[in-house]
Amino acid sequence: MDKTYQPEQIESRWYERWEADNRFAPSGEGEPFSIMIPPPNVTGSLHMGHAFQDTIMDTLTRWQRMQGRNTLWQIGTDHAGIATQMLVERKVAAEEGKSRHDLGREAFIDKVWEWKHESGGHITRQLRRMGASVDWSRERFTMDDGFYQAVQEVFVRLHEEKLIYRGKRLVNWDPTLHTAISDLEVENRDQQGQFWHFRYPLADGVTTDAGEDHLVVATTRPETLLGDSAVAVNPEDPRYASLVGKFVELPLVGRRIPVVADEHADMDKGSGCVKITPAHDFNDYEVGKRCGLPLINVFTQDAAVLEAAEAFDLQGRPLADIDTGLPAAYAGLGRFEARERIVADMDAAGLLAQVEAVNNTLPYGDRSGDVIEPLLTDQWFVSVDELAKPAIAAVENGDIEFVPKNYENMYFSWMRDLQDWCISRQLWWGHRIPAWYDESGNVFVARSEAEAREKHGLPADLALTQDEDVLDTWFSSGLWTFGTLGWPEQTEEMATFHPTSVLVTGFDIIFFWVARMIMMTCKFTGQVPFKKVYVHGLVRDGQGQKMSKSKGNVLDPIDLIDGIDLETLIDKRTGNMMQPQKAKAIAKATRSEFPEGIEPHGTDALRYTFLSQATTGRDIKFDMGRLDGYRNFCNKLWNASRYVLMNAEGEDCGAAPHAEVELSLADRWVVSQLQKTETQVTKAMEEFRFDHASQALYDFVWNEYCDWFLELSKPVLWDDAASEASKRGTRRTLVRVLEAVLRLAHPMMPFISEEIWQRVAPLAGTHAEGESVMTQPWPLADDALLDDDATRDIEWLKGVIVAVRNIRAEMNIAPGKPLEALLTKGSEADRERLEANRLFLSKLAKLERVGWLDAPEQAPLAATQLVGEMEVLVPMAGLIDKDAELARLAKEIDKQDKLIGGIEKKLGNESFVAKAPEAVVEKERGKLADFQAARKVLVEQRDKIAAL
RNA sequence: AGGACCAUAGCUCAGUUGGUUAGAGCGCCACGUUGACAUCGUGGAGGUCGGCGGUUCAAAUCCGCCUGGUCCUACCA
């Protein structure tokens, strides 16, 4: 093995090898286990969230595979409608100076496919760098042929069952992107706004009870005044009871609109009167429905004022008898410009009563960043009530379980208050809606144009045009678990791998994706899509900030793996920015955070960091310190393995079936500890507690195997007096324990474990040519190998060694200086232990002599440490620093006093003794005795030294 | 406004049915090139577990209130 651990040299080599050997495909044997990857955007690149998520999925997959399960990790990418379309639009604009409209639909879509073929491999290459053991032979795309069929099928069937309908409805309209978007794609941002109070004159000479000839309404959106179709007052409001059914004259427009009574009007707010604009406000739309008001649309798709309004009834049918005239002055003005003009005109007309500053929230499109406009448009909807019922039941009855559990509440609260799902998008990139129209606007839904004609008996010469819209991306990704397995065909894969075992996803897409998958899958397969949902948090930067390009705090997982120099990192963070003025600050912050750039850490270290931070139900603050730490851990494992190989390669490691071996206490101890570790890691994996799993392995490898066992093996291996059988035993233990550790580590650190395993496994005698650690059995603890006696003895040994080391450090004695130690007040067992461990003790504690002091009262001047009841003395003649030792003893006595004080108080409490379980009281008494004995020894020692 | 989650060492985090001398890694201090490893070794310092109150013999752990933070939902006509 190379002297230093260099991850870049082993990682790509092993991944290629595994892939070439087709090790990721299902074995076809054993109980099935399947995970569907949340499909990343095909043109995207791997971010920290992906890297984290993929690490968890890969760890689960490799772990299950090692347990002999028929394991499928399904890979695929998403066409991601809006995101991809925008990306390609920008690219085309930059390269050719053309808009998508310049190109036309066909040519533009060709461009998108071209871009997909060009860049679609980027994220999958990055996924390989993460070590993801996905079955590449089954890679899918949400717009491939199979998916196309599944989507058409689902759409047509839902339409046949009247669960998909088309209608003119108020939707969230993005005036920049010219498409509807879902509620979930709307981001509400707090804003400093204004509140304008307008006077609306009462018509027909009517007055209020107070004698006013007008009503005052307030709005944050004056421009929607043009589309008002009523003024509402609360039905309980005595001030306006007499006005209900009367009219006001809409200022600037002149339209007569009624005063209606509706509970939406809040008597305590403002004047208690509210203007109602059903075509431009979701609440008002509901009022319109209750009061039978017309919908008066005054905006174009750019959110500019129309020349004449459009009036519709609640079914979206045009209304002829409404006055749709609008003042010419506003025609063509954008909504914000129109607002200013209308406010000015109202003011000039003496109708502006008051202007108030308010804080309000505005809806923004999360893609375009434009203010969303509620707009009346023709859209397709999925009626979700029926679909939601089984989807809720599946979680209620435990068919689907969320980890952690509390996300189920989030799921329920959303599912129980669902609005119909608007699935049409006015985009070009996506699954085009399988609906055709004849010239008079009749619509025919079918799997193809030919089927539409056949189904509806349409003549071949009747011109049909397909709906221009495409489906919401989440409509197709909702079919992901079964669409990837060949549905609607009844395939072998469906039978084997569906429902899938677990979905690993972020809480942020529970609504977008998880809920829709559950609805669609229950509907079309009669099965749940997955049995468990492991929900993880967001990966944030070290300060807890969300990573974003505009903040300049983005870390690229590949940079953490390969390393990156400072200047390149700065260029990456400040290049191609939306707000270039921030570049300087970002560069400065980056320089101060990473003065040397970022060192290479390797994939295994990155994965281990994610796993160690994968605690349930909270966001992850990515910790560079931990990344360094786990890179060091890899290095530690590497070097420990070098030690093992140096001592084992070419030697007899007792691999033969009946080899004569003698196991030392240390051998039995480390094997026993390994069993405990195997139990801990397995349990943690079963519970999705990857932080515990990684911690347990780290502890064992570093603090037990390396710190103690390797050290304890040296005296045996390097002592000429030791028997060949004992050397063989120690070598065998070194090799076998390491081999098991590598299997235990493999799901978490696939590369380094494979690299080392290939060399270690042959020595352990468990290796057949051409095998991979990937498919070795997962280590399961054998309780017969637990050895409490060995554990107690080794704990004693460690205690004595630490005691001597402690004395050295406190007394400032050079670590290498040979010392003499005396033990006293030991039991018979202690004496046996010393004889059994004399060699270990003298080597590890650097003692030239160690023996028993039979008459403690004759003890020479010495520094003392306690190991249980027993005392360890290091005679200090001529060396002792009196003051230092007195100070040390005073500190120790003080510590014991505090412990004793605490317990005496507890035991002095009568109700504690009376009410606490006997075992607890006994334990406290035992501790008290121990502490008191320790204190006594320390005090004697102190007095002795003080007397010098 | 309603809800969820969080608050433990300088930093990032464990601490599953109440009883532990409250732990780990990083960072810090001292010493150290002993034949796996300075990406290291040995020893050490550092916490009244956000605050107040309650339940209990016993609270980091259970309950209530408060403060601070993150997020979600709703409202803001």
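All chains are named by letter (A, B, ...) in the order of the sequence lines, taking the proteins before the strands, and each is independently numbered beginning at 1.
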Do A/R805 side-chain and B/U42 base share a donor-acceptor contact under 3.5 Å?
-> no
Reckon A/W702 touches a base, only the sugar-phosphate, or nothing at all at heavy-atom distances under 4.0 Å?
-> sugar-phosphate
Send over the distance from A/F507 CZ to B/A4 P, rounded to a whole Å.
-> 16 Å
Across all strands shown, which nucleotide pairs with B/A36 by Watson-Crick or G-U wobble geometry, both distances under 3.5 Å?
-> none
Atom NZ of A/K843 to atom P of B/G41: distance rounded to whole Å?
-> 21 Å
In Watson-Crick or G-U wobble terms, both distances under 3.5 Å, what is the partner of B/U16?
-> none
Assess whether atom NZ of A/K843 is packed by more than 12 heavy atoms of other residues, nucleotides or ligands within 6.0 Å.
-> no
Within 45° cone and under 6.0 Å: A/K714 NZ/CZ vs A/Y643 ring | yes
Scan A/V644 against the nucleic acid and name what it touches under 4.0 Å (heavy atoms): base, sugar-phosphate only, or nothing.
-> nothing
Gap between atoms CD and P, on A/E408 and B/C5 respectively (whole Å) = 13 Å
Whole-Å C1' distance, B/U70 and B/G23 | 26 Å
Would you indicate, yes or no, if B/C40 has its OP1 or OP2 atom less than 4.0 angstrom from a side-chain nitrogen or oxygen of A/N639?
-> no
If we call it a pair only when both distances are under 3.5 Å in a Watson-Crick or G-U wobble match, what pairs with B/G25?
-> B/C11
Describe the nucleic acid contact of A/K621 in one word from base, sugar-phosphate, nothing, applying a heavy-atom distance below 4.0 Å.
-> sugar-phosphate
Integer-rounded Å distance: B/A58 C1' and A/E924 CD = 10 Å
Flag for A/H692-A/Q680: side-chain donor and acceptor within less than 3.5 Å = no
Select one nucleotide: of B/G43, B/A36, B/U21, the one nearest the side-chain heavy atoms of A/K895.
-> B/U21
Interatomic distance, A/N635 CG vs B/C40 C1' [rounded to whole Å] | 9 Å
Which base sits across from B/G50 as a Watson-Crick or G-U pair, both distances under 3.5 Å?
-> B/C66
B/U48 and B/A36, which share atom name C1', separated by this distance in whole Å | 44 Å
Would you call A/K683 and A/E686 a salt bridge, taking side-chain N to carboxylate O under 4.0 Å as the test?
-> no
Which nucleotide, B/G25, B/U16, B/A36, lies nearest any side-chain atom of A/Y698?
-> B/G25
Side-chain N or O of A/K714 closer than 4.0 Å to phosphate OP1/OP2 of B/A36 | yes
Please confirm whether A/Y407 and A/F402 have ring centers closer than 6.0 angstrom.
-> no
Closest to side chain of A/N283, choosing from B/G41, B/G19, B/C75 | B/C75
Using purine N1 to pyrimidine N3 plus N6-O4 or O6-N4 for Watson-Crick, or N1-O2 and O6-N3 for G-U wobble, each under 3.5 Å, what pairs with B/U73?
-> B/A1
Length of the NZ-P vector between A/K898 and B/G47, whole Å = 10 Å
Base, sugar-phosphate, or nothing for A/T220, non-hydrogen atoms under 4.0 angstrom?
-> sugar-phosphate
Does any nucleotide pair with B/A58 by Watson-Crick or G-U wobble geometry, both distances under 3.5 Å, and what is it?
-> none
NZ/NE/NH1/NH2 to OD/OE distance under 4.0 Å, A/E223 and A/R221 | yes
Give A/D266 one of three labels, base, sugar-phosphate or nothing, depending on what nucleic acid heavy atoms sit under 4.0 Å from its own.
-> base
Roughly how many Å is it from CZ in A/F195 to C1' in B/C75, rounded to a whole number?
-> 12 Å
Candidates B/U12, B/G19, B/U20 - which lies nearest the side chain of A/P917 = B/G19
Reckon A/N409 has a side-chain N or O less than 4.0 Å from the OP1 or OP2 of B/G3?
-> no
Just compare B/U39, B/A36, B/U21 and give me whichever is closest to any side-chain atom of A/R631.
-> B/U39
According to the Watson-Crick and G-U wobble definitions, with both distances under 3.5 Å, which nucleotide is paired to B/G41?
-> B/C31
Which of these nucleotides, B/A14, B/A24, B/C75, is closest to any side-chain atom of A/R689?
-> B/A14
Please tell me which of the listed nucleotides, B/C57, B/C71, B/U12, lies nearest to the side chain of A/R540?
-> B/C71
A/I620 or A/D707, whichever maps to the more 5' nucleotide of RNA chain B | A/I620
Atom pair distance, as rounded to whole Å: CD in A/E910 and P in B/A58 | 14 Å
For A/E599, report the nucleic acid contact type (base, sugar-phosphate, nothing); a contact means any heavy atom under 4.0 Å.
-> nothing
OP1 or OP2 of B/G15 under 4.0 Å from side-chain N/O of A/H692 | yes
Would you indicate which nucleotide in B/C37, B/G43, B/C5 comes nearest to any side-chain atom of A/R642?
-> B/C37
Side chain of A/C706 only, please: which of B/C13, B/U20, B/A36 is the nearest?
-> B/A36
A/L899 side chain: which of B/G43, B/A36, B/U21 is closest?
-> B/U21
Considering only NZ, NE, NH1 and NH2 on the basic side and carboxylate oxygens on the acidic side, decide whether A/E848 and A/K817 come within less than 4.0 Å.
-> no
Determine the Euclidean distance between corresponding C1' atoms of B/G19 and B/A59; express it in Å to zero decimal places.
-> 10 Å
Scan A/L710 against the nucleic acid and name what it touches under 4.0 Å (heavy atoms): base, sugar-phosphate only, or nothing.
-> base
Ion pair A/R935/A/E892, N-O distance below 4.0 Å | no
Mapping A/K275 and A/K906 to their closest nucleotides on RNA chain B, which lands nearer the 5' end?
-> A/K906
Side-chain donor/acceptor of A/E711 to base of B/A36, under 3.5 Å = yes
Which is true for A/A265 with a 4.0 Å heavy-atom rule: it touches a base, it touches only sugar-phosphate, or it touches nothing?
-> base
What does A/A218 touch in the nucleic acid at a heavy-atom separation under 4.0 angstrom: a base, only the sugar-phosphate, or nothing?
-> sugar-phosphate
Describe the nucleic acid contact of A/K3 in one word from base, sugar-phosphate, nothing, applying a heavy-atom distance below 4.0 Å.
-> sugar-phosphate
Neighbour count above 12 (heavy atom, 6.0 Å) for A/K927 NZ = yes
